[in-house]
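Each ligand, and each atom within it, is numbered from 1 in the order the structure gives. Excluded from the calculations below are hydrogen atoms, water molecules and symmetry mates; all remaining heavy atoms, backbone and side chain alike, are included.
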Amino acid sequence: MAYDRDNIFAKILRGEIPCRKVYEDEHALAFHDINPLAPVHVLVIPKGDYVSMDDFTRTAAAEQVAGFFRAVGETARTLGLEKSGYRFLANTGADGRQEVPHFHVHIFGGAPLGRMLNKVEAC
Ligand code: AMP
């Protein structure tokens, strides 16, 4: 899948659409999700044209991959979540129900989050 430079997160990275920024460095930008599913719900996106987790881990340079995942941890610490705990996930592709085609990690926290996942019917 080719990268769509008009996706909403590309526009946020270019500053064309505002966001509630939490953390930023040379590798990543983190901002609050517009439709939070937990008391804390933040998205972390890499600074680069990556469609998905699959695209990112196949095509990004090692320095970018390392820098991005360090930024995820730094974002969680910026939010004060490292002691109480948190969950992060990356919806990927159709079965993963990824809606925005720019790789992103969700960070959830601020309360007990319950089970990892609602049981999927095919189990
Ligand atoms: P996903 O299903 O993993 O692609 O999730 C996309 C997420 O982006 C959803 O949780 C949306 O609420 C969130 N989202 C969409 N547009 C914006 C926006 N302009 N600012 C912040 N979050 C957004």
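Following chains of ILVMFWY side-chain contacts shorter than 4.5 Å, one can reach V72 starting from Y50, so the two form part of one hydrophobic cluster.
Heavy atoms from other residues, nucleotides or ligands lying under 6.0 Å from CD of E63 number 12 at most. Within a 6.0 Å radius of CZ in R70, no more than 12 heavy atoms belonging to other residues, nucleotides or ligands are found.
Counting heavy atoms under 4.0 Å from ligand 1, residue L37 does not touch it at all. The parts of D33 lying near ligand 1 are both backbone and side chain, judged by heavy-atom distances below 4.0 Å. Contact annotation: for R97 versus ligand 1, heavy atoms closer than 4.0 Å belong to the backbone alone. Using a 4.0 Å cut-off between heavy atoms, F9 contacts ligand 1 through its side chain alone, with no backbone atom that close.
For H32, the closest heavy-atom approach to ligand 1 falls below 4.0 Å.
Heavy-atom contacts of L43 reach the following atoms of ligand 1: 8 (O), 13 (C), 22 (N) (cutoff under 4.0 Å). Atom numbering of ligand 1 starts at 1 in the shown order; those under 4.0 Å from a heavy atom of H106 are 1 (P), 3 (O), 5 (O), 7 (C), 10 (O). Residue-ligand proximity, N35 to ligand 1, at heavy-atom distances under 4.0 Å covers atoms 12 (O).
Using a 30° and 60° split on the angle between ring planes, H104 and F9 fall in the perpendicular class, above 60°. Under the 30°/60° scheme for interplanar angles, the aromatic rings of H102 and Y3 are found to stand perpendicular. Between F68 and F56, the angle of the ring planes goes over 60°, which puts this pair in the perpendicular group of the 30/60° scheme.
Between the side chains of H41 and H106, at least one donor-acceptor pair of N or O atoms lies under 3.5 Å.
Closest heavy-atom approach to atom 5 (O) of ligand 1 within the set H104, Q98, E99: this belongs to H104.
On a distance-only criterion, I34 and ligand 1 share at least one N/O pair closer than 3.5 Å. Between N91 and ligand 1, an N or O atom pair is found at a separation short of 3.5 Å. Considering backbone and side-chain atoms alike, V100 places an N or O below 3.5 Å from some N or O of ligand 1.
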For residues 114-123, dump all side-chain donor-acceptor pairs below 3.5 Å to protein atoms at least two apart in sequence or in another chain.
none

